[in-house]
Amino acid sequence: MSSFLYYLLPALGGYTLTSLYLLKNPLILHKRKRTAFYCTHISHRGGCGERIESTMGAFRNAVEQGTQMLELDCHLTNDGHVVISHDENLLRETGHDVTISSLKLQDLPLYKERLEVTFNAGHFSTGADRRFALLEDLFRTFPEIPISIEIKENNQVLIEKVSDLVRLFNREGITVWASVDSTIMKKCRSTNGFMPYSFTIKRGVLLLFLFYTGLLPFVPLGETLLQFYLPRIINRTYIPENNILKNRLIVSLLEKVTMRKRLFNHLAARGIQVHLFVCNEDEDIKSALEVGATGVMSDYPSLLSSYFCRHRNMTSNMSTHDNSKKLGDGNDGK
């Protein structure tokens with residue numbers, strides 16, 4: 001036993017020291033990712049706290065307020081149009097208990113006049129534009145704005161139509177595949193492997209496992225984005241439906257396990273952007289940036305712009321970080 005420990009302990013010590021060194025210096029083993037975008041200001045559902053979510057009115061307002069990326073979800077109508085909407089069932093958004101897939105485009109109801117902001121409980125958004133937007137209209141209106149598209153349905157036709165529109169508008173480099181489901185993400189990447197993509201839940205759990213075991217510095221990563229909840233908003237501005245997340249102990253544990261600055265700094269050094277959401281108060285924006293987020297997602301684009309304006313030094317440092325990443329000479333694990 002003593003002879004076994006004689007060899008094991010030095011080996012573990014050497015592994016630990018090597019892992020820690022490479023965690024801080026990942027470019028020794030990996031090339032920094034090169035992306036066509038680097039975004040610090042992201043508008044969740046098009047900035048749904050200031051206009052009705054996912055409408056062209058919301059997207060226009062967000063861009064006018066200086067957003068650098070739009071986040072959205074897509075679904076397919078019965079007659080084959082790609083519609084921007086968080087929900088497939090329209091009860092919450094319109095008051096009508098129908099699904100997008102059961103209706104033709106012309107039959108989609110209008111959004112409610114006042115719509116509660118999911119991540120700011122008790123607050124409502126309004127706006128003159130209450131119509132559902134088409135993805136192709138958004139691409140046509142904002143050809144140079146990066147967009148993160150979450151695919152919630154395991155629907156190959158939807159995935160192919162989104163990919164076709166991305167190709168049609170020549171925006172593969174600035175349109176991101178996003179999904180929490182690894183099966184759906186596999187189909188997205190198989191359909192269009194030229195688009196950058198984000199971590200799924202399964203891949204996110206693996207990422208944490210690699211981090212805590214010290215293996216992360218040795219493993220290539222294909223993802224370009226990590227998008228994750230800022231846990232401190234749960235049960236405060238965001239009231240979850242999941243009973244597990246209503247447990248404060250669980251949320252506290254989630255925060256301690258996931259909000260690791262060394263992890264986020266490592267990813268950023270490899271060119272993987274870290275976006276934390278949904279930050280609708282100054283203190284949440286501050287917390288996200290302090291823990292190492294490279295970008296912040298908010299329902300209130302004007303609030304986010306105002307924060308960055310009042311903290312110009314932080315914005316300047318992040319811009320410098322951006323420029324250094326664009327000097328990278330290759331993709332990591334892709």
Side-chain angles (χ1 to χ4, degrees), residues 43-48 51-63 69-112 115 118 127-198 200 225 227:
S43 291
H44 181 243
R45 302 184 196 175
C48 60
R51 299 291 189 276
I52 298 296
E53 68 181 58
S54 301
T55 60
M56 288 302 295
F59 296 127
R60 287 193 180 93
N61 175 68
V63 173
M69 173 178 271
L70 299 170
E71 185 276 341
L72 53 87
D73 313 81
C74 286
H75 297 279
L76 202 61
T77 64
N78 185 259
D79 51 348
H81 293 276
V82 181
V83 170
I84 302 171
S85 171
H86 181 271
D87 301 350
E88 213 279 317
N89 183 286
L90 299 180
L91 183 60
R92 177 187 68 87
E93 297 172 334
T94 70
H96 299 273
D97 190 9
V98 293
T99 60
I100 292 176
S101 58
S102 69
L103 299 174
K104 293 182 178 180
L105 177 65
Q106 65 186 32
D107 297 326
L108 290 176
L110 296 175
Y111 277 98
K112 294 176 181 177
L115 190 61
T118 304
D129 187 2
R130 295 164 50 207
R131 297 169 297 175
F132 284 87
L134 291 172
L135 184 62
E136 63 179 294
D137 289 342
L138 184 66
F139 284 173
R140 186 177 293 110
T141 305
F142 303 111
E144 297 180 356
I145 295 291
I147 297 176
S148 174
I149 301 177
E150 181 170 356
I151 305 295
K152 287 184 163 63
E153 302 175 59
N154 192 351
N155 185 330
Q156 185 63 35
V157 176
L158 170 63
I159 293 170
E160 289 177 357
K161 283 183 175 289
V162 170
S163 175
D164 289 343
L165 287 171
V166 169
R167 288 193 173 104
L168 176 64
F169 288 91
N170 191 30
R171 49 177 301 124
E172 285 177 312
I174 59 172
T175 309
V176 180
W177 286 124
S179 181
V180 299
D181 189 297
S182 291
T183 301
I184 295 175
M185 181 59 76
K186 184 177 180 180
K187 289 186 177 182
C188 290
R189 292 184 59 204
S190 177
T191 302
N192 192 330
F194 294 100
M195 291 169 58
Y197 61 100
S198 63
T200 62
L225 278 178
Q227 297 177 324

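Small disclaimer: the values here were computed from a predicted structure and weren't measured. The analysis underlying the following values was restricted to heavy atoms, covering all of them including side chains, and did not include hydrogens, waters or symmetry mates.
- One finds the CG atom of L135 at 4.5 Å from the SG atom of C74 (value rounded to the nearest 0.5 Å).
- Rounding to the nearest 0.5 Å gives a distance of 8.5 Å between OG1 of T77 and CD1 of I100.
- E93 and H86 are not linked by any side-chain donor-acceptor pair at a separation below 3.5 angstrom, with hydrogens and angles left out of the test.
- Shown here for T141 and M56, the closest heavy-atom pair between the two residues is OG1-CE, 3.5 Å.
- Not a single salt bridge (charged side-chain N to carboxylate O under 4.0 Å, His left out) links R51 to another residue, sequence neighbours left out.
- Side-chain contact between D164 and N192 is absent, with no heavy-atom pair separated by less than 4.5 Å.
- Remark: the S101 side chain and the E88 side chain contain an N/O donor-acceptor pair separated by less than 3.5 Å.
- The two residues V166 and M195 make their nearest non-hydrogen contact at CG1-SD, 3.9 Å.
- Contact check for N89 versus D97: side-chain heavy atoms found under the 4.5 Å cut-off.
- Between L158 and K161, every side-chain heavy-atom pair lies at or beyond the 4.5 Å cut-off.
- Residues S198 and M185 are in side-chain contact: their nearest non-hydrogen atoms beyond the backbone lie under 4.5 Å apart.
- One N or O on the side chain of T94 and one on the backbone of L90 form a donor-acceptor pair closer than 3.5 Å.
- Taking all atoms of both residues into account, the shortest heavy-atom contact from I159 to I151 is CG1-CG2, 4.0 Å.
- For R92 and E53, the salt-bridge test passes: some basic side-chain N is under 4.0 Å from an acidic carboxylate O.
- Listed by chain and residue number, nothing satisfies the salt bridge (charged side-chain N to carboxylate O under 4.0 Å, His left out) test with D181 (two or more places apart in sequence, or in another chain).
- Taking 4.5 Å as the limit, every side-chain heavy atom of F59 sits out of range of all side-chain heavy atoms of S43.
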Worked check of side chain to side chain contact (heavy atoms under 4.5 Å, CB included) between L103 and N78: CA-CA 5 Å; L103 299 174; N78 185 259; 5.6 Å; no

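- Every residue two or more places apart in sequence or in another chain that forms a salt bridge (charged side-chain N to carboxylate O under 4.0 Å, His left out) with R140 is listed here: E136, D137.
- Ring planes of Y111 and F132: parallel class, angle under 30° (limits at 30 and 60°).
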Evaluate side-chain hydrogen bond (donor to acceptor under 3.5 Å, both in side chains) for T118 paired with R45, printing each intermediate quantity in order. CA-CA 10 Å; T118 304; R45 302 184 196 175; 3.1 Å; yes

Walk me through whether K187 and N154 qualify under side chain to side chain contact (heavy atoms under 4.5 Å, CB included). CA-CA 8 Å; K187 289 186 177 182; N154 192 351; 2.7 Å; yes

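- For the residue pair Q156/T191, the side-chain donor-acceptor check at 3.5 Å is satisfied.
- Residue D87 holds its CG atom at 9.0 Å from OG of S54, rounded to the nearest 0.5 Å.
- R171 places no side-chain N or O within donor-acceptor distance of the main-chain N or O of F139, the cut-off being under 3.5 Å.
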Given L134 and V83, is the side chain to side chain contact (heavy atoms under 4.5 Å, CB included) satisfied, shown in steps? CA-CA 5 Å; L134 291 172; V83 170; 4.1 Å; yes

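- Summarising the geometry of I149 relative to V162, their closest heavy-atom pair is CD1-CG1, 4.0 Å, with the distance given to 0.1 Å.
- Smallest separation of non-hydrogen atoms from T200 and S182: OG1-OG, 2.8 Å.
- For the atom pair L70 CG and L138 CG, the distance stands at 6.0 Å (nearest 0.5 Å).
- R131 places a side-chain heavy atom less than 4.5 Å from the side chain of D129.
- The shortest heavy-atom contact between E150 and V180 is OE2-CG1, 3.9 Å.
- D79 CG: more than 12 foreign heavy atoms inside a 6.0 Å radius.
- A heavy-atom distance below 4.5 Å is not found between the side chains of I147 and V176.
- The closest side-chain heavy-atom distance from Q227 to S148 is below 4.5 Å.
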